[in-house]
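All of these numbers come straight from a predicted model, not from anything done at the bench. Numbering of residues begins at 1 and proceeds along the displayed sequence.
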Amino acid sequence: RILAEQPNRSFLFHKEDGYPSLCQFLEISDEDCPNDDEPFPHSNNASNVKKQGKMFRIMEVVAYALLFVIMKLSFSFGPKKHGKKKNE
């Protein structure tokens with residue numbers, strides 16, 4: 001959407017280019033811009049993504065298990081169907 005509305009505001013960033021070009025595009029002053037000696041942050045490294053995926057799979061299994069237990073309990077304790085009484 002931004003690219004369509006403001007084509008001059010598009011920016012293709014490669015981390016190898018360093019911070020100066022990114023700061024210039026984001027209109028961050030030189031004194032607030034990190035220097036190139038600082039490592040680029042990696043919040044989504046492969047290890048973290050694998051851990052998150054494993055956690056989501058565990059949560060999915062727990063959610064299905066809870067759903068099964070709730071359904072089983074609702075059928076067990078729900079209204080009972082009574083058959084016709086036999087005349088003795």
Side-chain angles (χ1 to χ4, degrees):
R1 184 177 127 203
I2 293 173
L3 182 58
E5 294 173 4
Q6 301 173 359
N8 60 338
R9 291 290 300 165
S10 63
F11 179 71
L12 182 60
F13 177 72
H14 299 280
K15 67 179 183 177
E16 295 82 21
D17 296 341
Y19 289 107
S21 61
L22 179 61
C23 290
Q24 182 182 4
F25 176 75
L26 296 173
E27 300 174 356
I28 297 173
S29 66
D30 290 338
E31 59 265 358
D32 291 333
C33 186
N35 60 33
D36 285 331
D37 296 334
E38 294 182 38
F40 198 77
H42 297 283
S43 61
N44 286 336
N45 61 29
S47 175
N48 288 345
V49 171
K50 286 180 184 178
K51 287 177 187 175
Q52 290 171 350
K54 189 174 186 178
M55 184 58 68
F56 283 129
R57 284 190 295 278
I58 290 170
M59 289 171 49
E60 182 180 21
V61 169
V62 169
Y64 280 118
L66 285 173
L67 181 63
F68 175 77
V69 168
I70 290 169
M71 289 175 62
K72 182 73 173 163
L73 290 174
S74 69
F75 288 122
S76 298
F77 296 110
K80 305 273 188 217
K81 292 185 179 179
H82 297 287
K84 292 182 181 180
K85 293 183 179 181
K86 293 182 178 180
N87 291 337
E88 295 180 21

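D17 CG to L12 CG: the interatomic distance, rounded to the nearest 0.5 Å, is 8.5 Å. Rounding to the nearest 0.5 Å places OH of Y19 at 15.0 Å from CG of D30. Atom OG of S21 sits about 11.0 Å away from atom CD of E16, to the nearest 0.5 Å.
Across all non-hydrogen atoms, the minimal contact from C23 to P34 is SG-CD, 4.0 Å. Heavy atoms only, all atoms of each residue included: F13 and L22 are closest at CE1-CB, 3.7 Å.
Side-chain contacts under 4.5 Å among hydrophobic residues (ILVMFWY), followed directly or transitively, place F56 together with M55, M59.
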